[in-house]
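Okay, so here's the structure we're looking at.
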Amino acid sequence: MSIKRIDVGARMSGAVIHGNTVYLAGQVGEGESVTDQCKSALAEVDRLLGAAGTNKSKILQTIIYLSDIAYFAEMNAAWEAWVDPANTPARATSEAKLAAPKYKVEFIVTAALD
């Protein structure tokens with residue numbers, strides 16, 4: 001099977017397609033609030049999925065990291081406003097130290113092409 005990389009960089013690719021599966025790099029967003037960062041990051045998820053030829057209704061799994069689990073309710077509100085309610089993926093959420101102190105949330109997404 002071939003491998004296709006999208007938004008290739010020196011350190012990582014924004015997305016990698018292998019077979020009928022798309023793997024996105026962790027997506028963080030801009031803004032001061034958790035809500036703003038979620039909206040920004042999820043817009044980038046939409047963009048990368050579109051570049052790969054799929055969309056959020058095909059997400060298989062999402063792993064969400066929060067810099068503070070106290071953000072869980074705020075993140076869930078942004079997530080529920082964005083996610084396709086007819087096609088919710090398997091999901092896990094955990095607290096973790098993120099790449100920079102300004103980041104409050106990170107989304108790691110795996111999706112199908114079909």
Worksheet entry | Rounded distance [0.5 Å steps], CG in L24 versus CD1 in I108 | 10.0 Å

Worksheet item: Which is it for S13 and Y23 under the side-chain contact (heavy atoms from CB on, under 4.5 Å) test, yes or no, and what are the steps along the way?
Response: CA-CA 10 Å; S13 296; Y23 305 89; over 6 Å; no

Worksheet entry | Contact check, side chains of W79 and R91, non-hydrogen atoms, under 4.5 Å | yes

Worksheet entry | L48, V16, L49 screened by side chain to side chain contact (heavy atoms under 4.5 Å, CB included) with I6, the one that passes | L48

Worksheet item: Which heavy atom of S40 sits nearest a heavy atom of G29, and at what distance?
Response: OG-CA, 3.5 Å

Worksheet item: Side chains of I17 and I3: does their closest heavy-atom pair fall under 4.5 Å?
Response: no

Practice prompt. Side-chain contact test, heavy atoms from C-beta onward, threshold under 4.5 Å: evaluate it for V22 versus T110 and give yes or no.
Written response: no

Practice prompt. Any chance you could measure H18, atom NE2, to L113, atom CG, to the nearest 0.5 Å?
Written response: 11.5 Å

Worksheet entry | Heavy-atom side-chain proximity of E32 to Q37 below 4.5 angstrom | no

Worksheet item: For the hydrophobic clusters of this structure (ILVMFWY residues joined by side-chain heavy atoms under 4.5 Å, transitively), does one cluster hold both V28 and L42?
Response: no

Fill in: Distance in Å, R47 CZ paired with Q27 CD, rounded so as to fall on 0.5 Å steps
8.0 Å

Worksheet item: Quick one: does T93's side chain get under 4.5 Å of F72's, heavy atoms only?
Response: yes

Fill in: Smallest separation among heavy atoms of N87 and S57, with atom names
CB-O, 3.4 Å

Discussion item. Give me the atom names and distance for the closest heavy-atom approach of E106 to L98.
Written reply: OE1-CD2, 3.6 Å

Fill in: Joint cluster assignment, V45 & Y103, ILVMFWY side-chain distance < 4.5 Å
no

Practice prompt. Kindly indicate whether the side chain of W82, heavy atoms from C-beta on, has any atom under 4.5 Å from the side chain of D46.
Written response: yes

Identify all side-chain donor-acceptor contacts of residues 58-69 below 3.5 Å with residues at least two apart in sequence or on another chain.
{"unit_1": "K58", "atom_1": "NZ", "unit_2": "D114", "atom_2": "O", "d": "3.1"}
{"unit_1": "D68", "atom_1": "OD1", "unit_2": "A70", "atom_2": "N", "d": "2.8"}

Worksheet, complete the sentence: T54 and A111 have their tightest heavy-atom pair at CG2-CB, 4.3 Å

Fill in: Spatial distance of atom OG1 (T88) from atom CD (E80) [nearest 0.5 Å]
10.0 Å

Worksheet item: Which residues satisfy the side-chain contact (heavy atoms from CB on, under 4.5 Å) test with S33, sequence neighbours excluded?
Response: T35, D36, E74

